[in-house]
Number of protein chains: 2
Amino acid sequence: MTKQYKDLTSYTEVHQGVVALAADVVTFTVLGESLQVLLIERGSQPFKGRWAIPGGFLRKIESLEDTARRELREETGVGEGFLMTQIGTWSDPKRDPRGRVVTTVFAALVDSSELKPKADTDAAKVAWFPMDELPQLAFDHKDILSRALTWLRRALYDTRVADALLGETFTLSELRGVHEAILGEPIDKRNFRKRVLASGMVKETKGYRTGAHRPAQLYKFS
Amino acid sequence: MTKQYKDLTSYTEVHQGVVALAADVVTFTVLGESLQVLLIERGSQPFKGRWAIPGGFLRKIESLEDTARRELREETGVGEGFLMTQIGTWSDPKRDPRGRVVTTVFAALVDSSELKPKADTDAAKVAWFPMDELPQLAFDHKDILSRALTWLRRALYDTRVADALLGETFTLSELRGVHEAILGEPIDKRNFRKRVLASGMVKETKGYRTGAHRPAQLYKFS
DNA sequence: GCAAAAGTGTTTAATATACACCCATGA
DNA sequence: TCATGGGTGTATATTAAACACTTTTGC
């Protein structure tokens with residue numbers, strides 16, 4: 001890995017100029033029938049007034065995963081029990097007009113029932129947007145969101161994806177709703193039930209969700 | 001992305017200490033029946049005498065993709081026509097004892113017939129190793145290779161993977177050999193042929209490969 | 001009793017797997 | 001002529017997809 005440099009001091013001589021290393025967090029949740037993503041409105045230039053993926057800079061003694069976790073907690077108040085996965089690193093020298101910013105992007109999945117929609121602190125507005133009604137985005141964040149969505153759809157069949165978006169127990173309709181929101185298309189009720197039960201990824205509980213209509217049996221991930 | 005910092009200058013005040021940004025390239029090729037990876041022997045501490053994934057540091061006006069491409073060319077002499085994909089970024093603060101090195105890892109696939117196994121320049125030994133007979137590795141490179149192999153196996157059904165590992169034309173046995181080398185298990189000859197022809201990813205040419213035995217028809221990617 | 005969501009099976013199509021022998025060539 | 005890799009087909013199992021009506025509850 002270090003053919004040209006005997007140590008990191010000689011590296012700094014070659015590498016003039018600041019490179020800032022950031023972690024951005026694409027936070028997804030499913031609200032009703034809609035896949036939503038958390039964005040913040042930029043209060044200053046560049047891209048003032050546009051919306052951006054929340055993120056922050058790497059600190060000296062943390063990994064990028066730590067940075068992302070810390071950012072997510074600051075933005076959403078969500079502490080544990082979420083799923084966080086690295087999506088990729090964006091490093092185009094011109095992606096940030098202020099200077100060199102290399103960003104590693106993470107996708108986080110949070111259970112909407114656990115959300116305390118953080119008050120808009122220090123002049124930064126925070127809001128959820130449906131993935132199919134995104135506002136004007138800052139930087140290359142449109143591209144990043146597109147890649148994050150691709151990742152999410154591919155990853156759907158990992159048990160943990162829907163697990164992270166639902167509470168401890170859930171009805172099969174709720175689980176199907178999560179899949180539909182992510183894929184953006186309807187799924188046959190009977191085939192879905194068959195598939196998900198045959199896979200063994202969920203097991204039934206004794207509970208029922210009562211509501212306006214016929215009660216639905218509750219399941220949990222196994 | 002920049003809630004806490006008005007500009008990158010204020011970032012540098014917080015972010016004391018050097019963070020070096022590198023791109024490492026896991027270069028795969030298939031030689032005969034074996035999946036091979038390119039490694040270099042470290043000539044200095046730390047991990048002197050162990051083998052490492054080739055890589056280099058990000059330069060001021062290039063992207064990490066550019067860095068990786070440049071490194072691959074320097075190590076293998078391979079210029080165009082290879083496949084390069086980002087695998088992930090490793091950022092554990094303790095992963096390099098010399099200081100803070102964050103590495104974005106790429107996987108590259110090169111056609112073994114195009115290789116000019118670069119002479120061991122400036123005291124650095126370069127060698128191909130079969131993935132199932134790896135030497136002692138430096139840093140966290142064992143983990144990185146493991147993840148790269150996982151990526152490669154998942155990505156196999158993208159046409160481009162085998163495309164990058166073979167020449168312009170190839171026999172179906174050669175194509176199957178690539179799949180077997182990557183998956184590490186035998187594949188039924190007839191089923192493979194059926195599947196690959198039905199998928200439309202290859203089409204036949206008029207050429208034949210003659211050798212010691214019955215000539216084999218040549219195919220190319222479509 | 002009616003509106004609304006829960007729950008339930010069968011048929012058909014597509015895809016994947018297992019498996020063995022003859023063919024064409026160079027040496 | 002023989003050793004070697006090239007080339008071929010069928011039967012079975014598994015998986016995916018299409019599709020409509022009855023049940024249970026709250027109001």
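Because only heavy atoms are used, hydrogens play no part in the values below, and waters and symmetry mates are left out as well, while side chains stay in. Note on naming: letters A, B, ... go to the chains in the order of the sequence lines (proteins, then strands), and numbering restarts at 1 for each one.
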Classify the nucleic acid contact of Arg193(A) as base, sugar-phosphate or nothing, counting any heavy atom under 4.0 Å across all strands shown.
base
Using atom CD1 of Ile187(A) as one end and atom P of dG7(C) as the other, report the distance to the nearest whole Å.
17 Å
Given atom CD of Glu204(B) and atom C1' of dG7(D), what is their separation to the nearest angstrom?
13 Å
By nearest-heavy-atom nucleotide on DNA chain D, the more 5' of Ser173(B) and Asn191(B) is Ser173(B)
Between CZ of Phe192(B) and P of dG7(D) the distance, given in whole Å, is 13 Å
Distance, rounded to the nearest Å, where Leu197(B) contributes CG and dG6(D) contributes P
14 Å
Integer-rounded Å distance: dG26(D) C1' and Tyr208(A) OH
18 Å
In plain terms, say whether Lys94(A) and Asp92(A) are close enough for a salt bridge, that is, a side-chain N and a carboxylate O under 4.0 Å apart.
no
Among the nucleotides dC19(C), dA6(C), dA17(D), which one has an atom lying closest to any side-chain atom of Asp188(B)?
dC19(C)
Side-chain-base donor-acceptor pair under 3.5 Å for Arg190(A) and dA20(D)
yes
Please report, rounded to the nearest Å, how far the P atom of dG9(D) is from the CZ atom of Arg195(B).
19 Å
Of dC23(C), dT4(D), dA6(C), the nucleotide closest to the side chain of His213(B) is dT4(D)
From CZ of Arg214(B) across to P of dG6(D) the rounded distance in Å is 9 Å
For a quick check of understanding: with a heavy-atom distance under 4.0 Å over all strands, which category does Thr210(A) fall into, base, sugar-phosphate or nothing?
nothing
On DNA chain C, does the nearest nucleotide to Thr171(A) precede the nearest nucleotide to Lys189(B) from the 5' side, or the other way round? Give the residue.
Thr171(A)
I need the CD-C1' distance between Gln217(A) and dT23(D), as an integer number of Å.
15 Å
Go through the steps to decide whether Thr89(B) and Thr89(A) satisfy the test side chain to side chain donor-acceptor pair (under 3.5 Å), and finish with yes or no.
CA-CA 7 Å; Thr89(B) 298; Thr89(A) 298; 2.5 Å; yes
Looking at side-chain heavy atoms only, is the closest gap between Arg70(B) and Glu75(B) below 4.5 Å?
no
Among dT25(C), dA5(C), dG6(D), the one nearest any side-chain atom of Pro215(B) is dT25(C)
Run through Leu83(A), Val110(A), Ile182(A) and flag the one making a side-chain contact (heavy atoms from CB on, under 4.5 Å) with Leu165(A).
Ile182(A)
Does one side chain, of Ser146(A) or Asp143(A), offer a donor that lies under 3.5 Å from an acceptor on the other?
no
Base of dA16(C) paired with side chain of Lys194(B) (donor-acceptor, under 3.5 Å):
no
